[in-house]
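Just so you know, these numbers come straight off a predicted model, no measurement behind them.
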Amino acid sequence: MYDRRLEAIAAAAELGSFSRAAAKLRVSTPALVKQVSRFEAEFGITLFERSHSGVKVTPAGALLVDDARSIMRQSEDALRRARRAAGDGGAVRLGVSMMCPGRQTLSMWTGVHELEPSLRFEIVPVNDLYDERESVMRSLGREVDVVQSSFSTPRWGDACQKLRIVTVPFYIDVPRTSRLARKTRITVADLEGMRLRVLRHGNDAMDSLRIDLLADGGVDVIDVDSFDFALFNEAEEKGDAVLTCGAWSGVHPAFVGVPFLCGREVPVYLHYPLEPTLQVQKFVNAMVQLLNSYRVDDSLIPVLEKSSGRVDLT
């Protein structure tokens, strides 16, 4: 519906790098560079200033990128409306990464498919949900339709709808050399005098726990902005502990995840667009049916809500 080279141009302008743009679009760097260069040659416009440190969009390029983003959004919206009208939203695309593997959602797919045999399901790799440059959660329905994760109101506000599917405990991940590594559970008193790394706005429950720990005063809370292997590498070097939950715990082989007795748990949601396609809505409805049928414990009773309030799908 539009010149697909605009996607490469917009990504390079956003990330300041052809290689990072290529990784985001899941193409090779040479292929992306060729797309951009051919576009520039075809229309006689220099869009980027190239250097060893990356690329910087030119004034002419900035104007083009602004218009290109608008064109791409309009095209995507038009396609979604057409699919909804035709009753075919294509496959439901689950975004996954090392830090949000979507295990509960994946385990429920067989049951979903039994309820909705016409649904197709795809797994799509996504980058860090907490990287503001990626904005996965604010663009659900474009590259991916649903993501399983905890939720941060300061980060994502009312960007999507969400279905609570499970609650998970907090863990303290400590280096295997730590005195706490052999414990079967950790209390706040055990952390007295230690440095604990906490992802700021990792999720709402984590923010509340952070406030509790700061009020207690016995733990040295270190705020971090990203959750990746670099965080654990630095924490191991300095002997720090890391506050984790769910799939975040145990990702680094040099650390041991120990349950944290803090009186709080973390709700985990299936996030989906504010205006889902018919296929995505069917998927969510089937998830609701399954969750209601399980009722193993209170953590599996679904709560369907937007950030601004609850909505009923029935």
Novice: Between Gly157 and Phe151, which heavy-atom pair has the shortest distance, and what is it?
Specialist: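 Reported closest heavy-atom pair: O-CZ, 3.1 Å.
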Novice: Side chains of Leu64 and Ile45: does their closest heavy-atom pair fall under 4.5 Å?
Specialist: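 The answer is no, as the side chains (C-beta and beyond) never meet within the 4.5 Å cut-off.
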Novice: Once side-chain contact (heavy atoms from CB on, under 4.5 Å) is applied, do any residues pair with Val96, and if so which ones, sequence neighbours excluded?
Specialist: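 For Val96, the residues satisfying side-chain contact (heavy atoms from CB on, under 4.5 Å) (neighbours in sequence not counted) are Leu94, Ile123.
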Novice: Are the side chain of Arg155 and the backbone of Met137 linked by a donor-acceptor contact shorter than 3.5 Å?
Specialist: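 Not confirmed, Arg155 side chain does not pair with Met137 backbone.
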Novice: I'd like to know if the side chain of Ser139 and the backbone of Arg142 have a donor-acceptor N/O pair within less than 3.5 Å.
Specialist: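 Checked: no pair found.
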Novice: Is a donor on one side and an acceptor on the other found under 3.5 Å between the side chain of Ser19 and the backbone of Thr29?
Specialist: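 Answer holds: no.
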Novice: Partners of Ser208 by side-chain contact (heavy atoms from CB on, under 4.5 Å), sequence neighbours excluded?
Specialist: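 Residues passing side-chain contact (heavy atoms from CB on, under 4.5 Å) with Ser208: Arg264.
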Novice: Of all residues at least two apart in sequence or in a different chain, which pass the ring-ring contact (aromatic ring centres under 6.0 Å, His included) check with Phe255?
Specialist: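 Partners of Phe255 by the ring-ring contact (aromatic ring centres under 6.0 Å, His included) criterion, ordered by chain and then number, come out as Phe232, His252.
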Novice: For Pro267 and Thr167, which heavy atoms make the closest approach, and how far apart are they?
Specialist: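 Taking every non-hydrogen atom into account, CA-CG2, 4.0 Å.
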Novice: Among all residues two or more places apart in sequence or in another chain, which pass the salt bridge (Lys or Arg N to Asp or Glu O under 4.0 Å) test with Glu236?
Specialist: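 Scan of Glu236 (salt bridge (Lys or Arg N to Asp or Glu O under 4.0 Å), adjacent residues dropped) gives none.
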Novice: Answer yes or no: is there a side-chain heavy-atom contact under 4.5 Å between Thr244 and Phe227?
Specialist: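 They are in side-chain contact.
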Novice: Quick one: are Val280 and Pro273 in side-chain contact, heavy atoms under 4.5 Å?
Specialist: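 In contact.
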Novice: Are the side chain of Thr46 and the backbone of Phe48 linked by a donor-acceptor contact shorter than 3.5 Å?
Specialist: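 No, because the side chain of Thr46 does not come within donor-acceptor range (under 3.5 Å) of the backbone of Phe48.
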Novice: Sorted by first residue and then second, give each salt bridge (Lys or Arg N to Asp or Glu O under 4.0 Å) pair with at least one member in residues 240-261; sequence neighbours left out.
Specialist: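 Non-adjacent pairs meeting salt bridge (Lys or Arg N to Asp or Glu O under 4.0 Å): Arg195-Asp240, Arg197-Asp240.
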Novice: Which residues pass the salt bridge (Lys or Arg N to Asp or Glu O under 4.0 Å) test with Arg200, not counting sequence neighbours?
Specialist: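 For Arg200, the residues satisfying salt bridge (Lys or Arg N to Asp or Glu O under 4.0 Å) (neighbours in sequence not counted) are Asp223.
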Novice: Tell me if a side-chain donor or acceptor on Trp248 pairs with a main-chain N or O of Met99 at a distance below 3.5 Å.
Specialist: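 Yes; judged by distance alone, with no hydrogens or angles, the pair exists.
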Novice: Looking at every non-hydrogen atom in both residues, tell me the closest pair between Asp204 and Pro154 and how far apart they are.
Specialist: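 Here Asp204 and Pro154 meet closest at OD1-CD, 3.7 Å.
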Novice: Just jot down the ring-ring contact (aromatic ring centres under 6.0 Å, His included) partners of Phe121, sequence neighbours excluded, or say none.
Specialist: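 Result, ring-ring contact (aromatic ring centres under 6.0 Å, His included) vs Phe121: Trp109, Phe283.
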Novice: Name all residues meeting the side-chain contact (heavy atoms from CB on, under 4.5 Å) criterion together with Ser70; count only those two or more places apart in sequence or in a different chain, and write none if there are none.
Specialist: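 Applying side-chain contact (heavy atoms from CB on, under 4.5 Å) to Ser70 gives Arg73, Gln74.
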Novice: Rounded to the nearest 0.5 Å, what's the gap from CG on Asp158 to CZ on Arg138? Could you check?
Specialist: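 So the CG of Asp158 and the CZ of Arg138 are separated by 7.5 Å.
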Novice: Please report the closest heavy-atom contact between Val242 and Ala235, naming both atoms and the distance.
Specialist: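 In terms of heavy atoms, the two residues are closest at CG2-CB, 3.9 Å.
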Novice: Does the side chain of Leu129 come within less than 4.5 Å of Ser149's, by heavy atoms?
Specialist: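 Counting from C-beta outward, Ser149 and Leu129 do come under 4.5 Å.
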Novice: Looking just at side-chain N and O atoms, do Ser249 and Asp173 make a donor-acceptor pair shorter than 3.5 Å?
Specialist: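 There is such a pair between these side chains.
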Novice: Does the side chain of Leu191 come within less than 4.5 Å of Ile186's, by heavy atoms?
Specialist: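 Of all side-chain heavy-atom pairs linking Leu191 with Ile186, at least one is under 4.5 Å.
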Novice: Donor-acceptor pair, Ser178 side chain versus Val174 backbone, under 3.5 Å?
Specialist: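 Judged by distance alone, no pair lies under 3.5 Å.
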Novice: How would you list, by chain and number, every residue that makes a salt bridge (Lys or Arg N to Asp or Glu O under 4.0 Å) with Arg50, sequence neighbours excluded?
Specialist: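 If we apply the salt bridge (Lys or Arg N to Asp or Glu O under 4.0 Å) test to Arg50, skipping adjacent residues, the hits are Glu40.
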Novice: Rounded at 0.5 Å granularity, tell me how far CD1 in Ile165 sits from CG in Leu290.
Specialist: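 Answer for the CD1-CG pair, Ile165 versus Leu290, is 11.0 Å.
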Novice: Would you say the side-chain atoms of Arg26 pair up with the backbone N or O of Pro125, donor to acceptor, closer than 3.5 Å?
Specialist: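 Such a contact is found between Arg26 side chain and Pro125 backbone.
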Novice: Grab the two heavy atoms, one from Tyr272 and one from Leu163, that are nearest each other, plus how far apart they are.
Specialist: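 So the two residues come closest at CE2-N, 4.3 Å.
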Novice: Quick one: does Val221's side chain get under 4.5 Å of Arg210's, heavy atoms only?
Specialist: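 Result yes, sub-4.5 Å side-chain heavy-atom pair found.
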Novice: Hey, could you give me the CG/CG distance between Asp228 and Asn127, rounded to the nearest 0.5 Å?
Specialist: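 Separation between the atoms: 12.0 Å.
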Novice: Can you tell me how far SG of Cys245 sits from CD of Glu265, rounded to the nearest 0.5 angstrom?
Specialist: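 These two atoms lie 11.0 Å from each other.
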Novice: Any donor and acceptor pair, going by atom type alone, linking the side chain of Arg5 with main-chain N or O of Leu32 inside 3.5 Å?
Specialist: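 Checked: no pair found.
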Novice: Under the salt bridge (Lys or Arg N to Asp or Glu O under 4.0 Å) rule, what pairs show up with a residue in residues 60-71, not counting sequence neighbours?
Specialist: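 Pairs touching residues 60-71 that pass the test: none.
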Novice: Which ring-ring contact (aromatic ring centres under 6.0 Å, His included) pairs, counting each pair once, include a residue from residues 180-216, with sequence neighbours left out?
Specialist: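 For residues 180-216, and leaving out neighbouring residues, there are no ring-ring contact (aromatic ring centres under 6.0 Å, His included) pairs at all.
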Novice: Go through the structure and list residues passing salt bridge (Lys or Arg N to Asp or Glu O under 4.0 Å) with Asp216, not counting sequence neighbours.
Specialist: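 Testing Asp216 for salt bridge (Lys or Arg N to Asp or Glu O under 4.0 Å), a comparison that skips the adjacent residues, returns none.
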Novice: Is any side-chain heavy atom of Leu180 closer than 4.5 Å to one of Met194?
Specialist: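 Of all side-chain heavy-atom pairs linking Leu180 with Met194, at least one is under 4.5 Å.
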Novice: Do the side chain of Arg103 and the main chain of Ala247 share a donor and acceptor less than 3.5 angstrom apart?
Specialist: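 No, Arg103 side chain to Ala247 backbone: no donor-acceptor pair under 3.5 Å.
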Novice: Give me the atom names and distance for the closest heavy-atom approach of Leu199 to Asp225.
Specialist: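 Shortest heavy-atom contact: CD1-C, 3.5 Å.
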Novice: Looking at Gln148 and Thr105, would you say the former's side chain and the latter's main chain have a donor-acceptor pair under 3.5 Å?
Specialist: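 Yes: the side chain of Gln148 pairs with the backbone of Thr105.
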Novice: Run the numbers on Lys24 and Glu14 for salt bridge (Lys or Arg N to Asp or Glu O under 4.0 Å), then give the verdict.
Specialist: CA-CA 11 Å; Lys24 178 179 180 179; Glu14 176 186 0; 2.9 Å; yes
